[in-house]
Amino acid sequence: MRYINIINLFRQLNFWVTIPYMKEIPKAYNPKAVENKIYQLWENSGYFDPDELPGKRTKHFSISLPPPNVTGKLHIGHSAMLAYQDIMIRFHRMQGDRTLWLPGMDHAAIATQNIVERELKKEGQTRHDLGREKFLARIDDFVAKSKDTIKMQLKAMGASLDWSREQFTLSPELTKTVRIAFKKMYDDGLIYRGDRVVNWCPHCQSTLADDEVEYKEEQGKLYYLKYGPVAIATTRPETKLGDTGLAVNPQDRRYQKLLGKELEIDLAGHKIKVKVFADKAVDMQFGTGAIGVTPAHSLQDYQWAQKYNLGIIKVIDEQGKMTSFAGKYSGLDVLTARKKFVENLTKAGLIEKAEDYNNNLSICYRCGTPVEPLPSKQWFVNVNKKTSRGKSLKQLASEAVKSGQIKMIPDKFTKTYFQWMDNLRDWCISRQIWYGHQIPVWYKNSSGLGAQSPRQEEVIVPKHITELVLMRHGITDWNKENKVQGITNVPLDELSIDEIKKMIPRLKRERFDLIITSPLMRAKQTAEIINEELKIPLAINDLLKERNYGEFEGRNNAELRKEYPDYFEDKINFDIPGNQEESYQKLAKRVKTFLKKVSQEYSDKKILVICHHSVIRTFRMIIDHWDAKKLTAYSPKFNELVNYKILDGDYKMAELRQDPDTLDTWFSSGLWTFSTLGWPEKTKDLKEFHPTSVMETGYDILFFWVARMIIMSTYLIGERPFDNVYLHGLIRTKEGKKMSKSDPETAIDPLDMINQFGSDALRLSLVIGTSAGNDVRIYKEKIEGYRNFVNKLWNISRFILSTVKNPAYSKTAPRAKTLSDQWILGELEKTTELVTKKITRFEFSQAGEQLRHFTWDELADWYLEIAKIEGGKDKILLWILKRILILWHPFIPFVTEEIWQIAFGEKAAAIYELPLLMIEPWPKPQKTEAAASKRFSSLQNVINSFRNFRAEYNIPPTTLISVSAKKNILIKKEEKIINKLARVKFTDVKKGIHLTYGQFDFIIPLGELIDVKKEKKRSELELEIKKKYYESLKKKLSNKQFVEKAPKEIVQREREKQIELEEIIKKLKKKITTL
RNA sequence: GGUCGCAUAGCUCAGUUGGUUAGAGCGUUGCAUUCACAUUGCAAAGGCCCCUGGUUCGAGUCCAGGUGCGACCACCA
């Protein structure tokens, strides 16, 4: 099936390319017209998926795409990353490896939430106005759009990603993986909840990670205040209300007597007690050399408090206001409190002086509000504790690199990595935002306030969660007519069907694993309508049936109400004698059985439960512990979804509250290399593709991401996440500025560039002239230059295809007939070998540069010109074309594939049954002889000499130069080529000027052509340079040490050069005398 | 403050075990263009490889010091 598709596609693509080719191939390559079509061709082939690749493939090669943030669209940095990765992936695919490039995206919690919050702000709303659920739904909409944009961009870059394995860090599957990882670490004692001084933003009402804090120089005041028997300096006097210590340097003699004492200090009426201790971190030179220590409001002081056992007094709260511990300053905001406190201190004569001081203020990277260090309850990962693997996370991650299991490219980053690992502190993984993986921890008997909850709670970290979403069926005629409707089968109302369909997008977002429905017609019908779209397993369960109302079925509710007022009280045990009616108590039994069964059979699934009015009430009665009164007041509507999580089969959820915080986004991205391959299941993918071969990413996230992946992988699965880390540099503007999205002046939009110059040109501009770990400057002119190259390749192909009479596709190399054939085929092999080697060593720039050199400087500028003269090179030309297309394909996939389709599509298919260049086997380089190469460069020398001569004397190319020369074999054999390329005519002139170019000696007849004076001067200059070089060689060779110690080949080479030079000098001298 | 790195043609950069008279692209200059390609061709000019010292037969490459620049980490009362 698939194969037929491809054939059709490529036939469509080049149906017009029959013989003669010439007229049909456009003069210039037009990327816009072919790129989409080509990507489609690849995608339809299925070869991006390793399982679909042809042939026996035993070696594995895999890369996990660093998932782009779903914050909008890709920038040029992504294009660079994609270019490098696609080169490796395509290269290995062509080499015959089972090659996987796994795509996906990152939910980027904080960044994404910020964008949506900003959008909301424009509409005059906050996330709190919407509430958690609606806000998250809004983010989901935004994310869906971002994903589409990003996917389109990835394809535009030509990235050969296996879309069948696409992943998202916040998908239900990866959410489960995150929970399993969390659980494992929690059970191993690596995750703990602790009081810590964290960076708190009073505006965003959230903690900030260390790297989310920015610093700003600010003009402030440094106050010197009397502090009991000593004086201290501070920029934040108001925090001194919470001091519990006094720190001095152990070397400082001034304070020796006070060490270990506890002082009571009066700060203008506010009394504090401080312990005096010594620590070498204290700078004796700064201020008075004594520091008031405020553990609650300084990270450094908090660490001291731990070390020296100091008390912690919180004087500032989460709103940035003073707490009751601040005494009479309580309730004031920080700045007002400072002002008032300083006033009072001044009145009391406690301020010695206040000097101007440049303060390095910490501010929130989002809103710029000064950060308030506060003690707060957060979740942490302990990086120093011994894990069940016998070593700490830090040790595991360090050793993976130290042992050489993971190789970093360039190597310099290994040092940076160790530096960072050694200084790593416990990792705070909780964030006070809504978007992300909600922390999989539930509290019992708590107010559920998470970060700020003061009480001791029982903590539950479940192993299994079954998620139920209850939904009521659509409306029937009986519902409309207010008839009692129990187990009677009544079909849905027409209008109601539309209402249900409207619900589908919302239900789709929930990503259910299955639907369970009551067997009654109205519920079943509802489920079927929904499942037409969702297409997931659907189960019918009798336990979900509505109450049986016995004789009441079908009677009018209002009438019944009059007759049996008690009935509507929904009393649990209500029973009417003689009626078959089912009581709530009986119903409850059924529902409990259902809950038990469902959490056993479908643990870790998310289930849509479609049932009935009274059944939903019963769920609430059981799970939410509702009583009859609450039941009466509650009537579930079909478009209200009721959400439950059942932890480890325990459905008594009323007193359980999930921690409202979410996980640091790096927690889930740390699992990326294996969570995407199916872990913790031992899948085939995981076995085959993990550890991944290469992690290719920017050096700016070495710590944030790469290090965390190593931590997670070495601990959770006991192996490295990847063999190699290739770190590319940052993309900068022409002026060297960082490109940033916020500054559109500096940012180049990759799509825009692709539009103008084509994807291939953009790729080359990002690859050639760059090296690992170094920043890259990118600008329009550069991309334009590579567009020119791509066009050159196009025209080379156009020429070859128009020259050859019968374009045949051959598997074997053609025979060389002439010197130029030998030379170009030799160069081709050398280039193949070099390119292969360079790509294997991650030296993409050099590989590309080498290829460019071969293609343009050797093939186009020399061989093609010679081919026009010598003729009869069809086989060789086609062979070279085929080869360069293969070698170029990883770098510039679009244009090469397009040419391939035009030239060989059908022919290649006949031989390999594979019409696509993307899976063409990579050539194995053949050994070549050096002789042809040497002789050919002599030929080039001769031609260059004449060209040089012509330029110097301004002889137009139309003028044929007559020369006579001692015809050595080379000149004799290649006379025709020299004639044409140098535009000279060999005659038998005897008199004239001897010209010496290199080893060649020519006579040009005297005439207007030559300026004797000029020529003499030029020759003398040349002689001088040669002599100088000769002298240096002579000196080198007469040096005994050199001759003895240097390798023989090098000495030999120098000797040969010396002999050559001697000859040239002789000739030059002779020439000067004849002039 | 700690760590790491960079300095090569006017500009942007290659240069991976130390071994040709140090390379490329762009730009500049001159000439050309019915020819596969002006998105082109031919040719030229342009370098104390930051400075000082050392190791070595030999240093752009290795070592030490200096100067200038940059990045990252930490953050101080």
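Any value given below was found using the heavy atoms of this structure, including those in side chains, with hydrogens, waters and symmetry copies removed. Each chain gets a letter, A, B and so on, in the order the sequences are listed, and its residues count up from 1.
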Looking for any heavy atom pair under 4.0 Å, which part of the strands does [X] touch: base, sugar-phosphate only, or nothing?
| X | answer |
| --- | --- |
| A/A860 | base |
| A/Q850 | nothing |
| A/G287 | nothing |
| A/D301 | nothing |
| A/D700 | nothing |
| A/F789 | nothing |

Spacing of [X] atom [atom1] relative to [N] atom [atom2], expressed in whole Å:
| X | N | atom1 | atom2 | result |
| --- | --- | --- | --- | --- |
| A/L859 | B/rA36 | CG | P | 14 Å |
| A/F418 | B/rC72 | CZ | P | 22 Å |
| A/F854 | B/rG23 | CZ | P | 21 Å |
| A/N948 | B/rA44 | CG | C1' | 8 Å |
| A/K782 | B/rC13 | NZ | P | 7 Å |
| A/L764 | B/rU39 | CG | P | 19 Å |
| A/F413 | B/rC72 | CZ | C1' | 9 Å |
| A/Y699 | B/rC6 | OH | P | 12 Å |

With a 3.5 Å distance limit and no angle check, can you tell me whether [X] reaches the backbone of [Y] through a side-chain donor-acceptor pair?
| X | Y | result |
| --- | --- | --- |
| A/D857 | A/R852 | no |
| A/R732 | A/I778 | no |
| A/D775 | A/G729 | no |

Checklist entry - Taking the six-membered ring of A/Y1029, is the NZ or CZ of A/K1057 close enough (under 6.0 Å from the centre) and on axis enough (within 45°)? => result no
Item to check | Whether over 12 other heavy atoms sit under 6.0 Å from A/K407 NZ | outcome: no
With both distances under 3.5 Å as the test, what is the Watson-Crick or G-U wobble partner of [N]?
| N | result |
| --- | --- |
| B/rA43 | B/rU29 |
| B/rC50 | B/rG66 |
| B/rG19 | B/rC57 |
| B/rA74 | none |
| B/rU12 | B/rA24 |

Checklist entry - For A/E735 and A/Y779, does a side-chain donor sit closer than 3.5 Å to a side-chain acceptor? => result no
Next on the checklist: Regarding A/E858 and A/Y863, do their side chains bring together a donor and an acceptor under 3.5 Å, going by distance alone?
Outcome noted: no
Item to check | Test: A/K1028 and A/E1031 ion pair at under 4.0 Å | outcome: no
Item to check | Pair A/E849 + A/K838, salt bridge at N-O below 4.0 Å | outcome: no
Item to check | Identified ring pair (Phe, Tyr, Trp, His ring centres under 6.0 Å) counterpart of A/Y29 within the set A/F789, A/F894, A/W794, A/F757 | outcome: A/W794
Restricting both atoms to N or O, compile the protein contacts to nucleotides 15-21 of chain B shorter than 3.5 Å, with distance only.
from   : atom 1 : to      : atom 2 : distance (Å)
B/rU16 : N3     : A/E843  : OE2    : 2.5
B/rU16 : O4     : A/E843  : OE2    : 2.9
B/rU16 : O4     : A/Q846  : NE2    : 3.4
B/rU20 : O3'    : A/Y1029 : OH     : 3.3
B/rU20 : O3'    : A/K1057 : NZ     : 3.0
B/rU21 : OP1    : A/Y1029 : OH     : 2.3
B/rU21 : OP1    : A/K1057 : NZ     : 3.4

Suppose you measure atom [atom1] in [N] against the same atom in [M]; what distance do you get, rounded to whole Å?
| N | M | atom1 | value |
| --- | --- | --- | --- |
| B/rA71 | B/rG25 | C1' | 27 Å |
| B/rC31 | B/rA36 | P | 26 Å |
| B/rG46 | B/rA22 | C1' | 14 Å |
| B/rC48 | B/rA7 | C1' | 15 Å |
| B/rG5 | B/rA45 | P | 38 Å |
| B/rU8 | B/rA59 | C1' | 14 Å |
| B/rG60 | B/rA43 | P | 29 Å |
| B/rU12 | B/rC57 | C1' | 37 Å |

Decide yes or no, distance alone: a donor-acceptor N/O pair under 3.5 angstrom between the base of [N] and the side-chain of [X].
| X | N | value |
| --- | --- | --- |
| A/K792 | B/rC37 | yes |
| A/K868 | B/rA36 | yes |
| A/Q419 | B/rA74 | no |

Next on the checklist: Within this structure, what is the CH2-CG distance for the pair A/W856 and A/N788, rounded to the nearest 0.5 Å?
Outcome noted: 6.0 Å
Item to check | CD1-CG distance between A/I272 and A/L241, expressed to the nearest 0.5 angstrom | outcome: 7.5 Å
Item to check | Phosphate contact (B/rU39 OP1 or OP2) by A/K27 side-chain N/O below 4.0 Å | outcome: no
Checklist entry - Using a cut-off of less than 4.0 Å, is there contact between a side-chain N or O of A/R787 and OP1 or OP2 of B/rU39? => result no
Checklist entry - Centres of the A/F844 and A/Y726 rings: under 6.0 Å? => result yes
Checklist entry - What nucleotide, of B/rG41, B/rG5, B/rC13, holds the atom closest to the side chain of A/D861? => result B/rG41
Checklist entry - Among the nucleotides B/rG5, B/rC57, B/rC75, which one has an atom lying closest to any side-chain atom of A/L299? => result B/rC75
Checklist entry - Toward the 5' end of RNA chain B, which comes first, A/I796 or A/L222, by nearest nucleotide? => result A/I796
Item to check | Residue whose nearest RNA chain B nucleotide is more 5′ - A/T770 or A/L864 | outcome: A/T770
Item to check | Base versus backbone protein contacts along nucleotides 25-31 of chain B [heavy-atom cut-off under 4.0 Å; B, S, -] | outcome: S----S-
